[in-house]
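Just the heavy atoms: all of them, side chains too, but no hydrogens, waters or symmetry mates, feed the values below. Numbered from 1 within each chain, the chains take letters A, B, ... in sequence-line order.
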There are 2 protein chains.
Amino acid sequence: MTVIFSKKCEYGLQAVLYLSAKGIGEIVSADEIAKKLNIPKEFVSKILQSLTESGLVNSKKGKAGGFSLAKEPSKIRLIDIVAAIDGLGMFNTCVLGFPSCSPDHPCPLHEKWGSLRSSTYNMLTEQTLDELKEKTLNKIAHLEA
Amino acid sequence: MTVIFSKKCEYGLQAVLYLSAKGIGEIVSADEIAKKLNIPKEFVSKILQSLTESGLVNSKKGKAGGFSLAKEPSKIRLIDIVAAIDGLGMFNTCVLGFPSCSPDHPCPLHEKWGSLRSSTYNMLTEQTLDELKEKTLNKIAHLEA
DNA sequence: CTTTAATCAGACAAAAAAATCTGTTTATAG
DNA sequence: CTATAAACAGATTTTTTTGTCTGATTAAAG
């Protein structure tokens, strides 16, 4: 099987969307996130720690501590989270794995894939957390099932 | 890092494109493919064996043996190779990893990603080996570098 | 018929990704 | 102050992916 984002990145995106749905400044524990999203607690905790280092998330230690967004949701783009976790390699390496793929020695899919990849990149760059809030709330409402 | 296709699938696509570039019916050894494409020989050999089981490739044992396409290049689509190696999971599982993602309980990216994914699927379905032959030949000509 | 060069089969090894565990530090609440 | 609940740090384990090795089988060529 193949996948666009690593599991780490999927979980990271889910967690950040969850944070944004709770409202700005709201502090949420890794435990709550893990339970609601059905993610291993220690794992999501690690991911949020790394996003804290990246400056996308704030953390507060001690009792009643947890995580919150470090910026306004309108200032956090999906690509920022992807870049922090998976990096942007998928947007500049050859889809067929040719190490030597370049505009002057393109692989057979260079153009076709290039344009799809750009569309994907643009989508992730345009989508900010605030724009997704309503959809995120809807989704979260149905997670109990 | 993330990736669209697994290494196995990348190598499989490269190898099949290589076969198609050599002309229909032409038999090529795993050794030659491995050397030209800079892929571990045993690995590409395994991949071609599996594609043989899938009916996309023919194999011939013994001296002067090797692999060849099992169908006309115009009848082999890229999606066939992807399906045989990586499966089609990436085209029907949630991009954010929500197990419960569906049209009635969509994830926040459901529509936007869905349309990009369809475009990708369509591209892989439309592209057959014969259509890529010229580009493949060009690429192969530059692999020595 | 014997040598050679190939696929094939299946175990094995190494590396990467995903997940878990153990314990420490920190801050709040009682 | 003390108990508690959280992040934090880092080692460890498990699983998956990637890659390697050994030998058996097969077929062509001399």
Side chains of [X] and [Y]: does their closest heavy-atom pair fall under 4.5 Å?
X        : Y        : result
A/Asp86  : A/Ile81  : no
B/His105 : A/Lys139 : yes
B/Leu17  : A/Pro108 : yes
A/Ile85  : A/Tyr11  : no

How many whole angstroms separate atom [atom1] of [X] from atom [atom2] of [N]?
X       : N     : atom1 : atom2 : answer
B/Ile47 : C/dC8 : CD1   : C1'   : 15 Å
A/Asp31 : D/dC8 : CG    : P     : 15 Å
B/Ile27 : C/dT7 : CD1   : P     : 10 Å
B/Leu19 : C/dT7 : CG    : P     : 11 Å
A/Leu48 : D/dA7 : CG    : C1'   : 11 Å
B/Ile33 : C/dA6 : CD1   : P     : 12 Å

Single-linkage hydrophobic cluster B/Ile140~B/Val57, side-chain heavy atoms < 4.5 angstrom: yes
Hphob cluster co-occupancy, B/Leu129 + B/Leu137, side-chain heavy atoms under 4.5 angstrom: no
Short N-O contact, A/Glu32 and A/Lys22, less than 4.0 angstrom: yes
Salt-bridge contact B/Asp80-B/Arg77 (side-chain N to carboxylate O under 4.0 Å): yes
Whether B/Asn58 side chain and B/Thr52 backbone form a donor-acceptor pair below 3.5 Å: no
Partner residues of A/Ser115 under the side-chain hydrogen bond (donor to acceptor under 3.5 Å, both in side chains) criterion, sequence neighbours left out: none
Set out, line by line, the N/O atom pairs under 3.5 Å between protein and nucleotides 14-20 of chain D.
| residue | atom | partner | partner atom | Å |
| --- | --- | --- | --- | --- |
| D/dT18 | OP1 | B/Lys7 | N | 3.0 |

Between A/Glu131 and A/Thr128: side-chain donor-acceptor atoms closer than 3.5 Å: yes
Short side-chain donor-acceptor distance under 3.5 Å, A/Asp104 and A/Ser102: yes
Within residues 49-57 of chain B: residues closer than 4.0 Å to DNA chain C (heavy atoms): B/Gln49
Residues within residues 58-72 of chain A bordering DNA chain C, heavy-atom distance below 4.0 Å: A/Lys60, A/Lys61, A/Gly62, A/Lys63
Terminal axes of the helix from C/dC1-D/dG30 to C/dG30-D/dC1 (five pairs each): angle between them, nearest 10 degrees: 0°
Those residues that, when tested against B/Lys75, pass salt bridge (charged side-chain N to carboxylate O under 4.0 Å, His left out) (two or more places apart): B/Glu72
